[in-house]
Every structure is written in C-alpha cells, then in structure tokens.
Trainee: 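Handing you this structure, nothing more for now.
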Number of protein chains: 2
Amino acid sequence: MTLHDVARHAGVSSMTVSRVINDYAFISEAARAKVLKSIEELGYRPNAVARATRTGVAQVGVLYSNPNSSNLSAFLMGAFRKAGEIGCQLLIEPTAAHPTPARAVAKLIEAGVGAVVLPPPLCDNAKILKLLAAAGVAPVSFATARPSPDVTSVAIDDFEGAAMMTRHLIALGHVDIALVRGDPSHSTSTRREEGFRATMAQAGLAVPDAYVVEGAFTYRSGLTAASQLLGLRRRPSAIFASNDDMAAAVSAVAHGMGIAVPTELSIAGFDDTPVASTIWPQLTTIHQPIADMAATAVELAAGLARRDADDDQPRRHVLAELTLVVRQSTAPPAS
Amino acid sequence: MTLHDVARHAGVSSMTVSRVINDYAFISEAARAKVLKSIEELGYRPNAVARATRTGVAQVGVLYSNPNSSNLSAFLMGAFRKAGEIGCQLLIEPTAAHPTPARAVAKLIEAGVGAVVLPPPLCDNAKILKLLAAAGVAPVSFATARPSPDVTSVAIDDFEGAAMMTRHLIALGHVDIALVRGDPSHSTSTRREEGFRATMAQAGLAVPDAYVVEGAFTYRSGLTAASQLLGLRRRPSAIFASNDDMAAAVSAVAHGMGIAVPTELSIAGFDDTPVASTIWPQLTTIHQPIADMAATAVELAAGLARRDADDDQPRRHVLAELTLVVRQSTAPPAS
DNA sequence: CTGTTAGCGCATTCAC
DNA sequence: GTGAATGCGCTAACAG
C-alpha cells in the first residue's frame, strides 16, 4: 500500500497524492476529493520511515529533571507515541546526569536537535532559553504556569485547576481549608495558590496564615506540612495539597494520628499521578492529560525542528483540559 | 556522512562497508580492519531510518497490564531508547483497554507485529502464548520468575533477590522476620517467597506461619497485611514486603501505630520503584535495571521479528543483575 | 570474499 | 495545477 497504489486508484500521479497528504495549498478541489476518497477506500497510511529519508529526521530533545516523577511514564508514553507516528527521533536527556542543566542542554544541541521540550522548572529558566536561542534551537515549554508569549507552550491552567478543587471542597461544606504549597521555584506553585486564595475570597471564606504552609512537591515535605497543620489547635477540616505526593504524605500522617480520612479530614491532591489511585483511600485530585499534552508538545517541537529559520511565525500556546476526579479522600466535614 | 563516504575513505565498495556494519561473516580481516578504521576516523554513524526503508521496519508489540505500575516509566524509557537506536517500531498496547488480554494480543497481531514483549502475568499465560504461536509471532517474556525454555526471556533471579534481602536483614541482627507475599498469580511471588524461606532455613531461623501473610502487590493489600503483622502479640522486628508498594503501606501503618522506622521496625521492599525513594524513610530494596532489561527485550524481539520463520534457533535467556540498595528503612533491631 | 545493479516509499526540483 | 525525473542512505540479490 503505497502512494502509487493510491495514485493509480485515483487516476492521478503520485505527486498529487503526496501533495494532498502534505496539505499543499494549490490543488484543485476535484483532485483532492478523488485522492482523499481513494485513501479512505484503500485504508492507506503514509509510511513515516520512508518520508523521513527525504525530509530528514526531525530530532527533538526532551529534557527532564526528576526521574521519579510519577508523571514521567505518562509523559513518555505520549511523547514516544507521537514521535513514532510522525517519524521523529526523540533524544531523552535526564538533567540529573549532568553537573548543571546547561550541560544537558549543550549535549542535546551538539547531538543536533532542532527543538527541545522543556518541562518545569527548566522552562522558566532564562539561561537555558538563552542558550537554546543562541544555537538556533526552538524551545517548547511544557506545563509552565506562566508561559512566555515568545515561547511555544503546552500547559494547563493551574489557577483554574486549583479553583476547581477549592470549589469542590467548599461545595462539600468545608470552611476551614488549608493549603500545602508546592516548590516555590516552580511557577505552578504560585498559580495554584492564587487559584485557591481567589476562590476562597470569592466564597467569603477566610484563609488564616497558619492554614497555608510551605511544601516542596515532595512526599517528605508533605510529611512536615501535615504535622504542622494537624497539630494546630483549630485543625482544618480539609487539606488541599498542591500535588499528589504531598497529599499522600498528609494521608499517612493523618493515619498516624488516628484521624479518619475522609470522615474527620478531607484530603485533596493535584496531578492525578499513579500514587493518587495507589494509596488508600484513593485521592480526590485534578487530572491533567499528560500523555496527550506530551504528544502535542512533541508535535509542535517537531514542526519547529523542521523549519529552520522561520523565527517570526507566531508562537502557539496550547492549554489542555483539566478534570476534577472525585475519589474517596474527600467528603463533607464531620460536624 | 554516509556509507559511501566511508567506502571511499577506506578504498572499498559501499557493500563491504555495509557488511562490516552488519557483522556479515565472510569478510577478509584486512577489509574489515580498514573499514572499521575509517568508520572510527570519520565518526560515521549508520542511519537507522534509511536502513529501515530496505529491511522494513521491524514492528514489535509491547503489552502491558498495569498502567500505574511504577516501573512503567523506566520500562518505556529503555524500550523506546533501544527501539530508536535500532530503528524498530514499538506498538504499545494496554491490556486494560480490552475486554480480555487475548483481544489485545489479537489487535497487535492484526497490526502486523513480528514479535511481542510480554510482561507478567501475561508471559505465564499459556493461552496467549498459543495465540501468538498460531500467528507466527515470536514472544519475549519479560521479568517472569519461571522462564519457559521455549520462550526467549529477559528476567531477574527473584529467588536470589529475595535471598539477598533476607541475608541483609539477618546480618543486621534480625531474627523475627516477616514476609508479605505478592500476588499469588504472579510467578515472581512464589520465587521470592522461596528465596526468603530458603535463606531463613539456611540461617537456622524459624518462620512462624503467622509471619507470612498474603498480599497482592498493591498498596491496599499491604495495608491489610501490615495491620495483621503489627497486631501480633509477638511483633516481628523486620518486615520484608514482596514489592515497594506494599512496603510503603507497611510504613504508613507503622507510622499510624506510632512504631518508629527503622529503630523499632525495619521495612524492606523489592523492585526499587520510584515510591521507594519518594516516601520517608526511604526504602531499603532490591534494584533491578528495568530500563536495561526493557532495552534488551526489545532488541531480542526485534531480532525475532526480522527472521520470519527460523523457529529452530535456540532461545536466549538473559538474566539481569540485581543490587541491594540500602536506604533508611532498615537498621539493627531495637533490643 | 567483493562489487554491481536495482530499488524501498516518499518528496524535491523543474518541467509542462 | 499537475506530472516526470531524480535521489535520500541503505541493503537484497545477484554476479563475479
């Protein structure tokens, strides 16, 4: 099943078919329709490998900082799936393997990538962006809370996600809601906090200073935060942790103190990583379609990697859809 | 930098270079040496994409059952890395997306894969193996504890891994060691139990029936198991859980009961999944090089996918190396 | 043992 | 608008 089979079937030349496939502008509607119909009837799928021999393989680099991130597998799934589809080569580079993130970037540049996907916190790193720009390598920032207008990005609306969860908690009847913040160096942390605070304010609910505690997106930091919060004289009836790892830690501490979840304490997470459905009770959390987002990021990156020097085309900014996943860790407050 | 450049540099034809690259047997040592030298000097790297146009892309399927498995990301990393290197196409198929595993296999077969990588428990499933055989698709079993001699496999020695951990616990001075078993339908569970029991017996240590409790490799099952074990009049001083998820659950329950880890209770896991270094205290566990193993599995599978019908060549069985990773969850017993 | 010929499936180039 | 020729980098199949 090749281009030529389709061409013969449609009664045109292979070039016309090729043009239709590649969305070439100047084709008569008649020819395009015939070709499309033949493609449909024959079930033709373009051969990405063969195509790559002519166009050259678009190489796109993927940097990642946290090898244990629970999102990593979903991220890789999506990224590799898309890479396979469009026939581009992915170079995965763990920054942890290098003394500095800049060295990791340098390695990717030397390898000849045309674009790089940058998850947080790298995507907010001006130095790295500068390095990339100097080498003429296009960046695609992934999951930043504050996408720069100059940089193509795929992200979620962290503010809105936090707001959704806060609304859920409020709707359940909670009034004393505490927040465990994320790593302050990630832009997502502040956006999530803002979403939380804005929603609380809008509902006319106060947020005492003691109810907002520092965290670092790690399980361990969640342990500390939870001890602080649950040791308070006036304990919150719900704790919203800025990610699932910290929520899991809150859950463990609550267990340890003999506080029943969710009857005595509601716990909410964010991200819907595997741990959310691993622990018990399973966490109510905000789901982001990481695999799809990764696929989109790779697609955009591959596009940028191809056209060498069209610097002045508009940057694209994709916002992925969030969903509130209600599981067993949240319920109406006790009283 | 192509084959021809190398050929010219070495003063031979491109075919000779091609043959050297592909380890063709009948080449004079003189020619081979010249070519190798030129490749070295020119820094030539074969173009996997171009190669694939001639040989056809070896398609290898990967089935997986548990989308949340913490090992998944390491597995995918290794698998995709190798696939990219050797230019083969990976078709990932989650069995969960199908009513039965058999349907997932059927889909892969229809897609035209030449070989399939089968993680547990699928690799021990005779029905699936039969299906594959009927379609002439080669299986590669991944991480089975009981590799069938007829099936190419990449695995670890579960017995030895469990023995290593048990020896570590004994060396620390523990005598009352309990085991949380894994899912009885996985062959790894029984091999790990056997390794544990054999080592205990060898050290002259008794294993009371109450010290071996059922688990299912899930966090939740670990919760139940831990409650059982820690509720015992004579509490074990160390608990060896058959995987990290269950060990994490044991840790949470211990926290909940106010039992200090590791001073009052040592906890050991198996697999070295991300959760092991996420929770606190971090888990002592057995590390298996999942990414390397996955890469090997894909390589073997791609080889099998290529040669269509050489059924009678010997099956390869690769055993990966295990390492004991000592972290903070184990220590000498209290008394 | 080694070289020649002939494409793989597609896209670029330049005709028409 | 459309098509014919040409070659990407590599390797099967054949000749030597």
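Chain naming here is simple, since letters A, B, ... match the order of the sequence lines and numbering starts at 1 in each.
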Trainee: Charged N to carboxylate O under 4.0 angstrom, A:Glu110 versus A:Lys107?
Mentor: no
Trainee: To the nearest Å, give me how far apart CG (B:Asn47) and P (D:dG7) are.
Mentor: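 Rounding to the nearest Å, CG of B:Asn47 and P of D:dG7 are 19 Å apart.
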Trainee: When the distance from CZ of A:Arg51 to P of C:dC8 is rounded to whole Å, what number comes out?
Mentor: 18 Å
Trainee: Suppose we screen for salt bridge (charged side-chain N to carboxylate O under 4.0 Å, His left out). Which residues come up paired with B:Glu321, at least two apart in sequence or across chains?
Mentor: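 Listed in chain order: nothing, the list is empty.
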Trainee: Any side-chain to backbone donor/acceptor pair from B:Asp5 onto B:Thr2? Under 3.5 Å, distance only.
Mentor: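 At least one qualifying donor-acceptor pair exists.
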Trainee: ring-ring contact (aromatic ring centres under 6.0 Å, His included) for A:Phe142 and A:Phe75? Distances and angles first, verdict last.
Mentor: CA-CA 10 Å; A:Phe142 185 81; A:Phe75 179 85; 4.9 Å; yes
Trainee: Taking the side chain from A:Gln59 and the backbone from A:Ala111, do they hold a donor-acceptor pair closer than 3.5 Å?
Mentor: yes
Trainee: OP1 or OP2 of D:dG3 sitting under 4.0 Å from any side-chain N/O of A:Ser13?
Mentor: yes
Trainee: Which residues within residues 28-44 of chain A lie with some heavy atom under 4.0 Å of an atom in DNA chain D?
Mentor: A:Ser28, A:Ala31
Trainee: For A:Thr144 and A:Arg146, indicate whether the former's side chain and the latter's backbone hold a donor-acceptor pair under 3.5 Å.
Mentor: no
Trainee: Take the protein atom NE2 of A:His4 and the nucleotide atom P of C:dC8, then report the distance between them rounded to whole Å.
Mentor: 8 Å
Trainee: In whole angstroms, how far is the C1' atom of D:dA12 from the OH atom of B:Tyr24?
Mentor: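 Roughly 11 Å, once rounded to whole Å.
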Trainee: Starting at CD1 of A:Ile27 and ending at C1' of C:dA11, how long is that distance when rounded to a whole Å?
Mentor: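 Distance, rounded to whole Å: 13 Å.
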Trainee: B:Thr152: which residues meet the side-chain hydrogen bond (donor to acceptor under 3.5 Å, both in side chains) condition with it, sequence neighbours left out?
Mentor: none
Trainee: Going by atom types alone, do B:Asp272 and B:Gln288 pair a side-chain donor with an acceptor below 3.5 Å?
Mentor: no
Trainee: Among residues 14-23 of chain B, which contact DNA chain C at a heavy-atom distance under 4.0 Å?
Mentor: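 Of all residues in residues 14-23 of chain B, the ones placing a heavy atom under 4.0 Å from DNA chain C are B:Met15, B:Thr16, B:Arg19.
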Trainee: List the residues meeting side-chain hydrogen bond (donor to acceptor under 3.5 Å, both in side chains) with A:Ser153, not counting sequence neighbours, and say none if there are none.
Mentor: A:His317
Trainee: Let me know the distance between CG of A:Leu3 and P of D:dG3, rounded to the nearest Å.
Mentor: 12 Å
Trainee: Measure CE/B:Met1 against C1'/D:dG9 and give the value in whole Å, please.
Mentor: 12 Å
Trainee: Angle, rounded to 10°, between the helical axes spanning five pairs at each terminus of the helix from C:dC1-D:dG16 to C:dC16-D:dG1?
Mentor: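 Inter-axis angle at the ends, rounded: 30°.
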Trainee: Measure CZ/A:Arg54 against C1'/C:dA11 and give the value in whole Å, please.
Mentor: 5 Å
Trainee: Can you find an N or O donor on one side and an acceptor on the other, under 3.5 Å apart, linking the side chain of A:Thr53 with the base of D:dG7?
Mentor: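 Such a pair does not exist between side chain and base.
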Trainee: Using modelled atom types only, decide if a donor and an acceptor are shared between the side chain of A:Thr100 and the backbone of A:Arg103 within a distance under 3.5 Å.
Mentor: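 A pair under 3.5 Å: yes.
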Trainee: Do B:Ser187 and B:Asp124 have side-chain N/O donor and acceptor atoms under 3.5 Å apart?
Mentor: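 The criterion, which ignores hydrogens and geometry beyond distance, is satisfied for B:Asp124 and B:Ser187.
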